[in-house]
Structure formats: C-alpha cells, structure tokens
Novice: 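To start, I am sharing the structure in question, which I have written as structure tokens.
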Number of protein chains: 2
Amino acid sequence: MDLTTKLTAAAERLFDRHGFMATGMDRLTEAAGMSSRTLYKNAGSKAALMARVLTQRDRRFMARLEVQTVDALFAALEDWVRVEGCRGCLFLRSRAETGGDTPEIAEAVAAHKEAFHRRVGEVVATDLGCEDPVLAEQVLVLFEGATHAAVYRGAQTVSAAKAAAAILLERARS
Amino acid sequence: MDLTTKLTAAAERLFDRHGFMATGMDRLTEAAGMSSRTLYKNAGSKAALMARVLTQRDRRFMARLEVQTVDALFAALEDWVRVEGCRGCLFLRSRAETGGDTPEIAEAVAAHKEAFHRRVGEVVATDLGCEDPVLAEQVLVLFEGATHAAVYRGAQTVSAAKAAAAILLERARS
DNA sequence: ACCAATGTAAAACGATCGTTTTACATTGCA
DNA sequence: TGCAATGTAAAACGATCGTTTTACATTGGT
C-alpha cells in the first residue's frame, strides 16, 4: 500500500476514534508506521493532514450516495454505520474542534456539506419526479439526525429515519 | 455574580465557540477574570470543569423543553438557537473530542441524552394521547437533525424539522 | 560503481499544555 | 487586634505539543 494512502487511512481512524486535537503526531507516526520526517514530507502539517483526511472521506462517503431513491439514501447510511460505526459527522466535528479557525479545514467542510446538500436535493427530485426544496431540507434533517442520534441510540435510529422519510415522501406525492 | 457561576459561564462560552481541547486554562482564567489558583480551587481539574459545564447546560437546556406539544418542542429549539446560536450539540461534541475516555464527561453526556430521550417520549405521549415509541424516535431524530443541520444550513432548518414532525404526528393521529 | 532520492531512528527545537507552588494582599469575623 | 479564609500575581513544574534537524541506511536508475 502507498505511503500516502496508509497515512491518510491511519489518520482518519485515529481522528475519528479519539478526536482531532487529542490525537498527537507521535501517535500518528506510530499508527502509520513511518518516521515523523516522512510524515511531514508527505503531509506538510497536521492541519493539512486533517484537511486531506476530510477530502478523502468526502470521496468515500459521497460515492455511497450515488442512488436514485430516498429509501436507498438511508439504506446507504445503514451500510455506512454498519461498516464505519456511528461517531457522528466527522466534518462537523472537525469544524467544531477547530472553532472554524483553520481555513483549509473550514473549506473542506463547507465543500462537503454543499455537495451533500446538492446530492440530497437531486435524489429527492429523482424519486419524486420534480424538485421539492422543502422536502429535500426535511430529508437532509432526517439524515443528519440519524447520523447523530445513532451515536447514543444505536443503528436502529437510521431505520426510524428511513421510515419517517418514506412517510414524508408519500405525502408529497399525493 | 458568584465566582463559580462566572467561571462555568465563561468556560461554556469558550468550549462552545473554540472547542474543549483547543481551549487552554490560561484563556479560561483570563475570561473568568480569576487566577489559576482560584480556578483550580474551584473546579478541581479541566475535566471536572468540562463535566460541570455539561451539567449546567443540561439544566438550562432541559428547562426549556418543559412543554406539552411536539410543536412547542421545536419552538423551544428555535428559541434556543436564536439565543445560543447553532454550533451543534455540546454534549456529543465533548464526547467526541475526548473519545469517550473521560468517565466524568461520558457520564454527564449519557445522563443528558437519556433525559432528553425520555422527555421527547413524554412530549409525544402527551401530545398524541398515548405512547408511541416509534414516533418518539422519529421526533428525536428530527430534533437532533435540526440541531446539527442548522450549523451549516441555518436556523431555518428548525422550521423545516418542525413541519416534518407535524406531518408525522398528524399521520399517527389518524 | 555511484549519485540522487527516499526512507528510518532519534534527538532537539521552542511553545504550550494542565497543574502546583511561592509570596503577598485583602477581607470578615472573634 | 489578630487570625483564618480567600483572593491575586507570577514563577515554576514536568509533560507533551507540532515541527525541524542531524546522522545514517537503503534503494533504483544511468
């Protein structure tokens, strides 16, 4: 496996499980199996590494949301939490931990959330047959809520959100 | 104003705006207007101060949720974000930043989320006339989703969540 | 065979972390 | 009047932070 890939994967895991600020560079070098010299050659700085983790996660996450129906959207989330666990949204967490003061991170978060918002709108439009910004906003809320409620209520919460979205969609159809 | 109260209030503000880990004790002493000696006499440790901030926030937040209807529940959230802004759930954030490794914090978070879950169930039962755990879970998801989506979508999101909850409630009634 | 690139191991950088201590000022009550 | 409590200001604690540097090993290409 490529050095960059290994580092990014190890960093994502540590940031996600223990927090961004609480994860020191020594722990990263150990987990990535490389010297700090190589790490800095590769990542530049901790903030740059955080931003790269977010960019890569955005790709992995958004790839799963290439679906046509709202039901499939929540099914994708069910898959995600089964594989990745539920520790909340890493993007919002990174922004909160840095207070929005790190530009590279704030930009990565903004880009992801904008793409996510657009995707939800597209899926709702495809499923419904026409655009419905209000319904899209509600589906987005359910998705975000499932992500965060699952932290303490468990993965079952995603099913509850899926059912709720189905009701809203059905009502919008008639 | 009491020293303890002033410290807790200043700490809550800094933790919320800049993150728990990113907020150092020197910034806390300065914001609270007291020496580090007095701060430690009063709070014991940073972890204890974090736990106390969460306990006090739980009281302030839950006091606002003493309502009878689901609509009032989301109206209370609208008021909250208008006054306190929208930076996500401070409880989940504290847990994520510490990786769940600090017992006093993990317990404060668990206690709050359990109380919150119970309260939502009560409000739904009161509004509906009978218990409905499934609907309660969906309302909880909408509430949590509004809290977190509002971080990047703005306060309008809470209204969208409120409308969605009304639809689900209406459907459950018939 | 050799140079340049790329890696490791480990020490060191100054800064900042959470916390304790020292020395001193102010206060309220017996 | 005087003691005990409670506060401030500031230095100091060792640890750890993110980052750079020094010294050396391994490799691949011409």
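A note on names: the letters A, B, ... follow the listed sequences, proteins ahead of strands, and every chain is numbered from 1. Note: hydrogens, waters and symmetry copies are ignored here, and every other heavy atom, side chains too, is used.
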Novice: Within the structure shown, what part of the strands sits under 4.0 Å from B/Gly33 by heavy-atom distance: base, sugar-phosphate, or nothing?
Specialist: sugar-phosphate

Novice: So does A/Glu114 pair up with A/Arg118, basic N to acidic O under 4.0 Å?
Specialist: yes

Novice: Starting from C1' on C/dG18, measure out to CD on B/Glu97 and report it in whole angstrom.
Specialist: 16 Å

Novice: Picking from D/dT8, C/dT20, C/dT8, which would you name as closest to the side chain of B/Tyr40?
Specialist: C/dT20

Novice: Tell me: CG of B/Asn42 to P of D/dT6, nearest whole Å?
Specialist: 11 Å

Novice: Give the rounded distance in Å between these two atoms: CG of B/Leu3 and P of C/dT27.
Specialist: 14 Å

Novice: At less than 3.5 Å, do the side-chain atoms of A/Thr38 and the base atoms of C/dT6 form a donor-acceptor pair?
Specialist: no

Novice: Any donor-acceptor pair under 3.5 Å joining the side chain of A/Arg37 to the base of D/dT22?
Specialist: yes

Novice: What nucleic acid atoms does B/Thr23 come within less than 4.0 Å of, heavy atoms only: base, sugar-phosphate, or nothing?
Specialist: sugar-phosphate

Novice: Starting at atom CE of B/Met25, determine the distance to atom P of D/dA11, rounded to an integer number of angstrom.
Specialist: 19 Å

Novice: Students often get this wrong, so: under 4.0 angstrom with heavy atoms, is B/Ser45 touching a base, only sugar-phosphate, or nothing?
Specialist: sugar-phosphate

Novice: Taking the basic N atoms (NZ, or NE/NH1/NH2) and the acidic carboxylate oxygens, is any pair closer than 4.0 Å for A/Glu78 and A/Lys162?
Specialist: yes

Novice: Quick check for you: among C/dA9, D/dT19, C/dT19, whose closest atom lies nearest to any side-chain atom of B/Lys46?
Specialist: C/dT19

Novice: Only pairs with both distances under 3.5 Å count, Watson-Crick or wobble alike; so what is the partner of C/dA11 in this structure?
Specialist: D/dT20

Novice: Specify the separation, in whole Å, of atom CG of A/Leu39 and atom P of C/dA9.
Specialist: 14 Å

Novice: Over how many whole Å does the gap from B/Lys41 atom NZ to D/dA4 atom P extend?
Specialist: 16 Å

Novice: State which of D/dA10, D/dA9, C/dT8 makes the closest approach to the side chain of B/Ser36.
Specialist: D/dA10

Novice: Report the distance from atom CZ of A/Arg27 to atom P of D/dC17, rounded to the nearest whole Å.
Specialist: 9 Å

Novice: Figure out the NE2/P separation between B/His18 and C/dT16, and round it to whole Å.
Specialist: 16 Å

Novice: Just one of B/Arg52, B/Gln56, B/Arg57 clears the side chain to side chain donor-acceptor pair (under 3.5 Å) bar with B/Thr8, so which one?
Specialist: B/Arg52

Novice: Would you mind telling me which of D/dG18, D/dC17, C/dT19 lies closest to the side-chain atoms of A/Asp26?
Specialist: D/dC17

Novice: Check whether any side-chain N or O of B/Glu131 sits under 3.5 Å from a backbone N or O of B/Ala125 as a donor-acceptor pair, and report yes or no.
Specialist: no

Novice: Which Ile, Leu, Val, Met, Phe, Trp or Tyr residues join B/Leu54 in one cluster when any pair of side-chain heavy atoms under 4.5 Å counts as a link?
Specialist: B/Leu3, B/Leu7, B/Leu14, B/Phe15, B/Phe20, B/Met25, B/Leu28, B/Met34, B/Leu39, B/Tyr40, B/Leu49, B/Met50, B/Val53, B/Leu90, B/Phe91, B/Ile105, B/Val109

